[in-house]
Amino acid sequence: MNESALSLETKCKEPACTADVDIVLKSMDGVLLGAHLQYLSAWTDAFPMPDNVLTLARTEVVDLPENAATLEIVLKFVHPQRPPAVDTISDDLLILIAEAVEKYGVYPGMEVCRLRMKQLTSTHPLQVLLYAIRHGHNDIIDDAASHSVYKRIEDAWKILRSNQSAYTAWTIYREERKTLAREVFDYAQSVNIVHSRSKSGKTVTLCETWTNYLENVMDAVGSEPSVNLEKFRAVCSMQPGQCMRCWSRWEEKAIKVWSGNRSFRDILKSVEW
């Protein structure tokens, strides 16, 4: 049976849907999906619109570059029903769906996917960063960038290479963050508060716990610290033997150093082609 004949038998995958299938979408992995022009035109911007497909017979198929799993969820958003629960979708599939609803202007799915993507900044920062840049989600860009500095350059290139400005900005941002972090951690080596002096002032007692504490922090951070201020505080608070007097001086320095950090968005603006 040829593709045209198969399309005649293609049904909508929504069990409760009674609308006629008048357009068939074909996923990149060869799955045919029945859809409805009235819903696509009502709830999307860039899906195949009626004026683009009226000349097609009902047996024609519209090829799309997304896989079937992605398109099936996207089509659920364009039915008069409760939208799908994106919190139960795997992270990798959610990333594809979020891109698709933005690409095709599927309004019912945009905000729920944006909120779910925002939750992935710590686990999939580079993918979220690219998504946020592409679609102008400024509230997500800097947070995702901050989490992404721990990623390898090879990983960043693989994900960001489709947007040369984004990749260039990321490499600059990552190096600036590392430089600031090194300054903060280098300063820590000199932090050793005098805890007591003799009456003559000739004998001093330095902090006995700071050196061991600092070694624990450095082991937790790694050989190339590139942490942001929040990560820095979190790592430090989890290590045993913290001296609050020494820590307060170090934190004061860290805040001062990181206050001069350029945001990712500022760097991106400076390198955009």
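All of these numbers come straight from a predicted model, not from anything done at the bench.
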Evaluate the criterion salt bridge (charged side-chain N to carboxylate O under 4.0 Å, His left out) for residue pair Lys118 and Asp143; output intermediate values, then yes/no.
CA-CA 9 Å; Lys118 194 172 183 178; Asp143 189 29; over 6 Å; no
Evaluation steps, side-chain contact (heavy atoms from CB on, under 4.5 Å), between Tyr173 and Leu268
CA-CA 9 Å; Tyr173 176 82; Leu268 182 61; over 6 Å; no
Working for salt bridge (charged side-chain N to carboxylate O under 4.0 Å, His left out), residues Arg182 and Glu175:
CA-CA 10 Å; Arg182 290 191 192 101; Glu175 192 55 40; 3.7 Å; yes
Would Asp45 and Tyr107 satisfy side-chain contact (heavy atoms from CB on, under 4.5 Å), going step by step from the backbone distance to the final call?
CA-CA 8 Å; Asp45 272 346; Tyr107 291 104; 2.3 Å; yes
Test log, rule side-chain contact (heavy atoms from CB on, under 4.5 Å), inputs Val74 and Thr70
CA-CA 6 Å; Val74 171; Thr70 300; 4.3 Å; yes
Would you check, one step at a time, whether the test salt bridge (charged side-chain N to carboxylate O under 4.0 Å, His left out) holds for Arg134 with Glu102?
CA-CA 9 Å; Arg134 279 176 174 169; Glu102 292 281 356; over 6 Å; no
Which is it for Tyr187 and Val257 under the side-chain contact (heavy atoms from CB on, under 4.5 Å) test, yes or no, and what are the steps along the way?
CA-CA 11 Å; Tyr187 176 78; Val257 170; over 6 Å; no
Could you check Asp155 against Lys158 for salt bridge (charged side-chain N to carboxylate O under 4.0 Å, His left out), going step by step and ending with a plain yes or no?
CA-CA 5 Å; Asp155 296 331; Lys158 182 178 178 180; over 6 Å; no
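Clustering ILVMFWY residues whenever any of their side-chain heavy atoms sit less than 4.5 angstrom apart, transitively, puts Val271 in the very cluster that holds Ile153. Hydrophobic clustering (side-chain heavy atoms under 4.5 Å, transitive across Ile, Leu, Val, Met, Phe, Trp, Tyr) groups Phe77 together with Leu93.
One distance of note links CD of Glu272 with CD1 of Ile133; it measures 8.5 Å at 0.5 Å rounding. Going from atom CE of Met117 over to atom CD1 of Ile97 covers 10.5 Å, rounded to the nearest 0.5 Å. Separation of atoms NE2 (His36) and CD (Glu14) is listed at 8.0 Å; rounding is to 0.5 Å. Of the inter-residue distances, the one linking Ser162 atom OG with Leu130 atom CG reads 4.5 Å to the nearest 0.5 angstrom. Leu160 contributes atom CG, which lies 12.0 Å from atom NZ of Lys151 (distance to the nearest 0.5 angstrom). Note that CD1 of Ile73 is 4.5 Å distant from CD1 of Ile89, once rounded to the nearest 0.5 Å.
A 4.5 Å side-chain heavy-atom check between His124 and Ile95 finds at least one atom pair inside the cut-off. Using a 4.5 Å heavy-atom threshold, the side chains of Glu176 and Ile267 count as touching. Contact annotation: the side chain of Gln127 never approaches that of Leu120 to less than 4.5 Å [non-hydrogen atoms, C-beta and beyond]. Under the 4.5 Å side-chain criterion, counting only non-hydrogen atoms from C-beta, Val106 is in contact with Val78. The shortest side-chain heavy-atom distance between Arg262 and Ile172 falls under the 4.5 Å cut-off. Side chains of Trp43 and Pro80 form a contact here, defined as non-hydrogen atoms less than 4.5 Å apart. Counting heavy atoms from C-beta on, the side chains of Leu33 and Val24 never come closer than 4.5 Å. When side chains are defined from C-beta on, Cys17 counts as touching Cys12, because their heavy atoms get closer than 4.5 Å.
Across Pro65 and Lys103, no two heavy atoms sit closer than the pair CG-NZ, 3.2 Å. The heavy-atom pair separating Thr168 from Thr171 by the smallest distance is O-OG1, 2.7 Å. A pairwise comparison of heavy atoms in Lys76 and Gln81 identifies O-NE2, 3.4 Å as the closest pair. Tyr39 and Ala19 make their closest contact through OH-CB, 3.8 Å (heavy atoms, listed as atom of the first residue, atom of the second, distance). Of all heavy-atom pairs spanning Asp87 and Arg116, the tightest one is CA-NE, 3.8 Å. For the residue pair Ile140 and Thr121, the shortest heavy atom distance occurs at CG2-CG2, 4.0 Å.
Under a cut-off of 6.0 angstrom, the local environment of NZ in Lys253 is crowded, with over 12 non-hydrogen atoms contributed by other residues, nucleotides or ligands. By the neighbour-count criterion of 12 heavy atoms within 6.0 Å, atom CD of Glu154 is densely surrounded, having more than that number from other residues, nucleotides or ligands.
With sequence neighbours left out, the salt bridge (Lys or Arg N to Asp or Glu O under 4.0 Å) criterion links Arg114 to Glu111, Asp139. For Arg161, the side-chain hydrogen bond (donor to acceptor under 3.5 Å, both in side chains) test picks out no residue, with sequence neighbours left out.
Proximity of a side-chain donor or acceptor of Asp20 to a complementary backbone N or O of Asp22 within less than 3.5 Å is not detected.
If you look at Tyr213 and Trp250, their ring centroids are not closer than 6.0 Å. Separation of the Trp170 and Trp157 ring centroids does not fall under the 6.0 Å cut-off.
Using modelled atom types and a 3.5 Å distance limit, the side chains of Thr209 and Asn212 yield no donor-acceptor pair. Inspection of the Asn261 and Arg177 side chains reveals an N or O donor paired with an N or O acceptor under 3.5 Å. In this model, a donor atom of one side chain and an acceptor atom of the other lie less than 3.5 Å apart for Asp29 and Ser27. Looking only at atom types and distance, the side chain of Asp266 has a donor-acceptor partner in the side chain of Ser263 under 3.5 Å away. Residues Ser148 and Arg174 bring no donor and acceptor atom of their side chains to less than 3.5 Å of each other. Donor-acceptor pairing under 3.5 Å is recorded for the side chains of Glu66 and Tyr104.
Ring geometry, His135 versus His137: the interplanar angle falls from 30° to 60°, so the pair is classed tilted.
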